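Each chain gets a letter, A, B and so on, in the order its sequence line appears, and its residues count up from 1. Model, not experiment: these values are computed from the prediction.
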Amino acid sequence: MTDAAVNAAEYAVEVAAVDKTFDTRSGTVTALEGIHLTVAPGEFVSLIGPSGCGKSTLMRLVADLDEPTSGAIRVFGKTAKQARLDQEYGIAFQQAGLLPWRTVAGNIALPLELHGVASAARRDRVAELLDMVGLSDFADRFPDQLSGGMQQRVAIARSLAERPRLLLMDEPFGALDEMTREKMQAELVRISGETGAAVVFVTHSIPEAVFLSDRVVVMSPRPGRVAQVVDMRLGADVSGGARASRDDALREERSFFEMVTAVREALHGAPVAGARGVETR
Amino acid sequence: MTDAAVNAAEYAVEVAAVDKTFDTRSGTVTALEGIHLTVAPGEFVSLIGPSGCGKSTLMRLVADLDEPTSGAIRVFGKTAKQARLDQEYGIAFQQAGLLPWRTVAGNIALPLELHGVASAARRDRVAELLDMVGLSDFADRFPDQLSGGMQQRVAIARSLAERPRLLLMDEPFGALDEMTREKMQAELVRISGETGAAVVFVTHSIPEAVFLSDRVVVMSPRPGRVAQVVDMRLGADVSGGARASRDDALREERSFFEMVTAVREALHGAPVAGARGVETR
Amino acid sequence: ADNESRPGEGGSGERELTPVKLQLQWLPQGQFAGYFAAQDQGFFEDEGLEVEIIPSGGDIVPQDALANGDVDYAIAWVPKVLGSIEQGANLTDIAQIFQKSGTLQMSWADSGIESVADFEGKKIGSWGFGNEWEIFAAMAAEGLDSTSVSIVTQDFNMNAFLQHDIDAAQAMTYNEYAQVLETVNPDTGELYQPEDFNVISYEDTEGAMLQDAIWADTERLESDEEYQDTTVRFLKAVIRGWVFAAANPEQASEITIAAGSGWGPSHELWMVNETNKLIWPSPDGIGIIDEAAWDKTVKGALSAVNETGAHLITEEPPSTAWSNEWIQKALDELKADEPDLDVTGADWSPIEVELQEGGN
Amino acid sequence: MSRGSRDRTATSRRRASAWLWGVIGILALVAVWEAYKAFGPADGVVIGGLRVLPRTTDLAMPHVWDMVTRMAEPVTRSPQALPLWLVIVLAALTTLGIAAAGWLVGLVVGIGLALGMQRWKLAEWGLLPWIVLSQTVPLIAFAPVVKSWGSRVEIGAFEWQDWMSVALIASYLAFFPIAIGALKGLQSPDRIHTELMQTYAAGYWSTLTKLRFPAAVPYLLPALRLGAANAVIGAVVAEVSTGLQGGIGRILIQFAGQASGDPAKAWGPIFGAIVLGLVAAGSVALLGQILKNYRRTEEAL
Amino acid sequence: MSAQATTTAVLAARPGASAVARSRREVVLRIVVPIAVGAIVLGVWQFLVSVVGVSDYLLPSPAAIVEEFVAYAPAIFQAMLITGTNALLGLIVGSLLGIALAALAARWRAIDLMAAPIVASLAVVPIVALAPVLNSMFGADSQFGRQAIAGLASFVPVFVNTLRGFRQTAPVHRDLMKAYAASGSQVLRTLTLPTARPFILTGIRIASSLAVISALVAEYFGGPRGGLGGLISTSAASSAYARAWAYVVASIALGLLFYLVTLALERLVQPHRAPKR
Ligand SMILES: Nc1ncnc2c1ncn2[C@@H]1O[C@H](COP(=O)(O)OP(=O)(O)OP(=O)(O)O)[C@@H](O)[C@H]1O
Ligand SMILES: Nc1ncnc2c1ncn2[C@@H]1O[C@H](COP(=O)(O)OP(=O)(O)OP(=O)(O)O)[C@@H](O)[C@H]1O
Ligand SMILES: Cc1ncc(C[n+]2csc(CCO)c2C)c(N)n1
Ligand SMILES: [Mg+2]
Ligand SMILES: [Mg+2]
């Protein structure tokens with residue numbers, strides 16, 4: 001944390017030399033080891049890797065839901081804790097995590113309520129968000145009356161409620177079927193474009209990561225490390241960095257399949273050989 | 001059911017003019033309408049379609065867990081009920097559905113036990129199956145000590161216990177992460193090859209359907225109908241019908257991506273346009 | 001009369017004993033010493049009976065056990081049984097063991113409650129379970145309505161009274177009264193003394209009612225000759241038991257303790273002694289029902305109304321409700337067999353019992 | 001292997017701390033008792049005519065040490081008298097035996113009812129409300145009836161004993177949680193599992209033995225534990241009610257009757273009854289240890 | 001046919017019937033069947049007494065019980081009022097204490113562990129054991145002893161269920177609250193209490209019938225007269241069994257009333273019920 005700190009403000013997220021170990025009954029588990037990662041403002045970064053490689057752990061460290069064993073994390077130049085207290089990020093998990101006793105509108109209003117937004121302003125913002133995720137007609141429904149995809153959209157609206165500059169999303173589409181998932185991806189692209197927020201996105205799906213991201217961070221299994229960072233070069237204008245227009249047609253494009261293959265290979269560590277894996281936990 | 005019945009014995013599954021409606025509080029729901037489908041012995045057929053299109057319902061009709069409102073279903077020339085009583089099929093669901101109080105071996109032995117297989121023969125068969133799914137070392141573990149992928153393998157071993165000529169699988173890999181899923185797909189290919197059973201496989205994942213199947217049946221949303229049947233033409237020897245060798249390399253082949261695109265388009269009903277779907281349940 | 005006709009008389013030991021069940025109205029204690037003594041001393045066996053003495057718990061109503069045919073004889077208070085008879089039970093009082101009422105209403109010496117008339121507006125303790133009818137009858141005789149007092153149910157000890165939760169507590173001379181006198185007065189550090197209390201004895205009021213009596217099944221008495229025979233033999237043994245208890249209170253108290261009473265020796269002896277006081281002297285012979293006392297009991301029972309407006313009885317009990325026939329027969333036979341036996345208690349006198357702290 | 005032993009030391013350490021805290025909890029209660037007794041007003045705290053805190057006299061609140069030392073002394077001054085604690089233990093054992101019999105009857109009846117209700121929806125609808133309602137009938141109301149009817153039963157060499165009435169009344173309290181728990185448990189298998197059995201063309205009995213009963217274990221165990229505690233409560237109440245000799249209920253009222261002169265004595269059987277209840281419930285917990293493989297999903301419940 | 005199939009067959013009744021009709025049929029059956037069962041039992045009972053000739057003294061007939069009920073209606077309602085008040089006060093205070101202590105136990109493990117043996121003891125202690133000492137402690141002349149017993153009886157299920165409820169907050173919800181930097185009281189208000197609510201209500205519902213039965217049984221062991229328990233025993237002691245059963249019927253009605261009121265409370269406080277688990 002010497003001169004990196006000077007420029008820290010430039011980054012939405014800066015993870016420097018982070019290790020994370022857990023003490024469990026059966027000994028110490030190293031979940032993350034020597035993680036370096038930066039996310040620029042407005043950038044869309046996906047984390048992908050085998051189950052248990054530490055994706056969620058990393059996300060939780062950024063959100064200050066847990067603390068690194070060593071190393072430093074800064075969010076918009078602040079400590080992770082300060083960033084949390086300042087509500088610099090919005091967050092969405094794999095389960096929508098809606099409060100079942102609150103209506104859709106009530107769930108979206110929750111963070112606003114907790115932070116003392118006046119009720120009129122709250123109502124307006126909720127209406128705006130409902131419109132954004134296409135659920136205006138469902139404001140008074142309860143979560144259990146919604147499909148999984150709709151619940152997830154509510155969770156996303158909630159995470160956007162306070163116009164955060166950073167969105168943390170831990171497999172938000174994991175529980176959805178593929179068609180709904182594709183729809184949700186398209187919406188996320190639109191929304192993140194509209195709000196200009198940086199996104200850190202955890203997923204298991206290679207096509208999802210490829211479709212959404214500017215960069216895909218591929219992680220290796222325990223102890224979790226960054227195995228490779230793959231820049232997405234997609235679509236008609238393959239100019240590095242800037243995000244190409246992402247629509248459904250992209251999914252059938254050649255460059256899309258190439259990127260899928262690239263991430264696949266990064267994930268498997270090498271060009272794929274025939275595999276008959278006997279899984280061990 | 002006139003002259004089709006004459007040849008019924010030729011087919012593993014024959015679904016003729018099947019409709020299925022459900023009475024619900026909010027009226028009658030037509031889940032399936034005019035379904036015609038045949039599966040040849042040894043053939044691998046996937047059902048794919050949007051959520052709620054009736055895939056599970058169709059599978060349940062074949063398994064005689066429910067009865068068609070009209071139309072006829074024959075399994076190896078028998079009625080579905082007779083086929084169930086004769087244990088003509090093995091079945092696996094999205095959740096592994098293992099009995100938590102039985103060990104891995106005990107779970108696999110369950111159908112054998114219920115059908116009075118002698119204990120020595122049972123032990124041998126279980127050992128064989130454990131070997132087939134690569135879990136010999138885990139025979140005495142309990143399901144909660146296994147990873148999701150391992151549980152699913154136990155469920156598959158269980159469905160194979162009585163050497164059925166037909167395997168019914170309803171999203172058996174739905175709950176797995178992508179990497180484990182790919183491994184399981186490879187194993188299923190191997191196992192179904194070894195046993196020569198016909199397979200009816202429900203999935204949401206296009207790559208999965210493409211990778212596994214001889215034919216992919218694409219269904220349209222409510223009322224569920226067969227929208228299109230796509231023959232898989234894959235791999236080096238693209239000779240219709242016979243199953244190509246499916247290994248991980250296939251996933252990066254051009255023909256694979258083509259088939260994925262073909263199924264995608266069949267699913268979306270037309271070459272894809274940019275979509276902003278507002279989901280309605 | 002013809003003892004010889006009974007098989008095996010003379011104690012050869014191989015004779016058939018007639019099984020008999022006797023239902024008590026409470027836990028084993030000195031109140032029932034005579035029955036335990038008869039059992040212990042082999043008086044029942046002498047009469048060719050094998051008697052099972054069944055203690056009662058909180059909710060077993062002895063006269064119902066008898067009416068239901070569960071037992072052959074029961075010990076119960078007359079007013080309670082009068083109620084049951086009006087409800088349909090067909091029972092006969094065949095021996096009035098207790099000649100007097102042993103119920104007291106005790107209050108603190110400074111409470112100003114010296115007679116039933118002073119009850120008005122006070123918190124009056126009672127155990128319920130039918131023990132309250134004496135209170136209501138005595139009050140009725142004073143022109144007091146049952147709603148003019150507030151009745152508080154007492155539990156198994158005198159704490160409510162000692163802590164002034166109730167102004168006047170019900171107490172049996174042989175039990176609760178002693179309990180109080182076995183308690184240390186926190187002010188003096190010594191046991192409470194009789195002077196500390198006012199004691200109203202219902203025996204001295206219009207509410208007095210006959211208490212422990214032996215009841216038998218009326219129908220069987222009328223029609224079942226074997227039962228008649230058994231009844232006389234049973235009563236003979238019982239009389240001998242009570243005579244024994246009168247003459248040997250210490251021994252009777254030990255027998256009772258051995259029979260399962262949980263009281264300590266001093267309390268048990270007190271109880272036997274006080275029970276004896278309620279039985280003896282019996283000028284006509286133990287168990288003979290004094291018609292005047294019976295009529296007084298019936299009168300009291302007719303006048304008593306509880307706080308819900310329920311009457312104990314609304315009409316005179318049938319003439320079958322009591323009979324001196326059997327006890328008289330038993331007394332006569334005993335007189336013939338053992339002319340020396342004192343069945344009137346003419347020579348009896350109570351002993352002095354010193355109570356010990358805690359009743360242990 | 002080292003993992004296992006480490007697990008074990010960790011669990012035993014946790015268990016030790018739980019015990020320690022439990023003891024501290026009891027000591028705290030004792031301390032509160034004695035402190036209140038020392039500093040509270042003799043006639044308790046009366047607010048608006050209502051005594052909201054108890055009296056502190058020796059009669060109302062004996063010293064804890066008096067209760068304890070009283071246990072070691074003989075029950076009465078009688079030379080043959082046993083020490084109080086021994087009398088209580090003997091009585092508790094008697095009651096335990098009766099409660100166990102009641103529990104077994106409750107088990108059979110409860111499971112029988114649950115099976116019927118699981119099998120036939122109509123039975124569930126028709127019986128369940130009455131089963132719930134049955135528990136609002138005060139035991140004491142029918143205890144004498146049971147005793148009276150029981151004493152009439154005499155089949156061949158078998159003769160109804162009074163303790164059986166008590167056990168039967170105990171079973172009336174015990175069957176309730178067992179029936180409810182067993183019904184819940186028998187209905188607990190997921191659809192996926194019942195359908196699996198259907199695909200195996202398994203009949204009612206094999207579904208019952210292979211699926212429903214094993215799945216019911218996690219529901220059944222707490223129900224059985226509650227049933228055991230209820231059986232003890234029922235046995236004690238029925239002993240008091242029917243006057244059965246030898247059990248804890250009997251000495252409970254007997255010593256309560258002696259509480260004026262000997263207040264500490266009355267507490268003995270109360271503690272006896274509590275320990276008895278804990279032992280009964282604990283024995284069922286032991287059963288849970290044996291069946292632990294059937295409780296693997298219990299965390300989720 | 002397997003068990004599952006039979007059950008569904010009963011449910012499905014006629015396959016042609018519409019679901020609406022079926023669910024209406026179910027609602028009707030759920031009311032009619034228990035009433036029918038009750039009517040049959042009463043019928044058999046009356047038959048035994050009036051035709052077969054089991055003595056009315058031994059087993060009063062339903063008709064006799066109804067007669068007594070009518071005759072003593074004012075006294076019965078008075079008694080229900082007394083016992084009901086005791087049960088209600090006990091239920092309210094016991095529930096509040098249960099919730100409060102559960103909140104402390106959920107917050108501090110030490111309190112949980114310290115309370116464990118005491119709560120376990122309270123769960124197994126018979127009322128008959130406690131009633132006499134509570135009467136001595138609080139005075140036999142007031143209803144407080146009975147209320148205390150009803151309170152203790154209510155306390156246990158409310159405490160146990162509430163504690164479980166307080167532990168049900170989903171990790172994802174806790175994370176969410178932390179991410180919102182919510183304060184302790186905010187977490188309690190918006191997450192912990194709503195999550196625990198159904199559990200608390202279940203506890204109260206179980207406690208409701210316990211409170212009634214406990215308040216009633218406590219009357220057997222001293223205190224002011226006039227409640228249902230005292231009158232049941234008094235009537236039974238004078239062999240007025242029909243009257244005793246009339247009071248028993250009243251006590252059942254009181255238990256039922258409490259149960260239904262708590263059930264209604266559940267509906268009221270929790271209009272929207274998420275499907276379980
Ligand atoms: N609280 C914890 N205590 C102990 N170990 C933990 C804890 N949280 C995570 N771990 C371990 O750390 C490793 C990383 O877990 P993490 O949940 O971050 O993986 P992941 O990449 O999100 O996996 P998945 O794709 O399955 O969600 C795993 O081995 C896990 O077992
Ligand atoms: N038992 C039932 N009662 C009423 N409606 C039902 C029932 N089972 C299924 N349905 C309806 O039938 C339709 C088809 O359901 P089905 O479960 O077969 O869909 P699916 O294709 O398997 O969906 P998914 O991909 O989500 O599993 C749905 O609209 C569903 O709501
Ligand atoms: C449940 C019960 N019933 C009666 C009494 C009072 N009682 C009436 S007669 C008798 C025998 C003499 O002691 C006693 C004690 C009681 N205390 N508890
Ligand atoms: Mg994760
Ligand atoms: Mg499905």
### Query
Is there a donor-acceptor pair under 3.5 Å between the side chain of E/R146 and the backbone N or O of E/N135?
no
### Worked check of side-chain contact (heavy atoms from CB on, under 4.5 Å) between D/E124 and D/Q118
CA-CA 7 Å; D/E124 181 184 340; D/Q118 186 272 319; over 6 Å; no
### Query
For E/I232, is it the side chain, the backbone, both or neither that has a heavy atom under 4.5 Å from a heavy atom of chain D?
side chain
### Summary
If one checks every heavy atom of E/A116 against chain D at 4.5 Å, the contacting part turns out to be neither
### Message
Less than 4.0 angstrom from a charged side-chain N to a carboxylate O is my criterion; do E/D112 and E/R107 meet it?
### Response
no
### Summary
Honestly, the part of D/A28 sitting under 4.5 Å from a heavy atom of chain E is side chain
### Task
Name the option with the most non-hydrogen atom pairs under 4.5 Å to chain E; the candidates are D/S17, D/G22, D/P129.
D/G22
### Message
If you apply the rule side-chain contact (heavy atoms from CB on, under 4.5 Å), what do you find for D/V240 with D/R250, and how did you get there?
### Response
CA-CA 6 Å; D/V240 171; D/R250 158 74 197 283; over 6 Å; no
### Sidechain-backbone polar pair: D/Y172 side chain, D/A231 backbone, donor-acceptor under 3.5 Å
no
### Task
Measure distances from E/V248 to the heavy atoms of chain D and classify the residue's part below 4.5 Å as side chain, backbone, both or neither.
side chain
## Note on the structure
When the 4.5 angstrom heavy-atom criterion is applied to D/I274 and chain E, the contacting part is both
### Message
Under a 3.5 Å distance rule, please check whether D/N230 uses its side chain to pair with a backbone N or O of D/L173 as donor and acceptor.
### Response
yes
### Query
What residue, out of D/L128, D/L278, D/D43, D/L226, has the most heavy-atom pairs lying under 4.5 Å from chain E?
D/L278
### Task
Answer with yes or no whether the side chains of D/Q135 and E/S209 bring together a donor and an acceptor at under 3.5 Å.
no
## Note on the structure
Heavy-atom closest pair (D/A223 atom, D/P177 atom, distance to 0.1 Å) is CB-O, 3.4 Å
### Query
For the candidates D/W267, D/W19, D/F271, D/W205, which exhibits the highest count of non-hydrogen atom pairs separated by less than 4.5 Å from chain E?
D/W267
### Message
When you compare the side chains of E/E219 and E/T83, does any donor N or O come within less than 3.5 Å of an acceptor on the partner?
### Response
yes
### Task
Check whether E/F258 gets within reach of chain D through its side chain, its backbone, both or neither, counting any heavy atom under 4.5 Å.
neither
### Message
Can you tell me which of D/L53, D/V46, D/I253, D/T56 forms the most heavy-atom pairs within a distance under 4.5 Å of chain E?
### Response
D/L53
### Task
Against chain D, label E/A123 side chain, backbone, both or neither, depending on which of its atoms sit under 4.5 Å from a heavy atom there.
backbone
### Portion of E/A115 that has a non-hydrogen atom of chain D nearer than 4.5 angstrom
neither
### Summary
The interface call for E/F138 against chain D, heavy-atom contacts under 4.5 Å, is both
#### Entry: Under 4.5 Å from a heavy atom of chain E, the part of D/V232 involved
neither
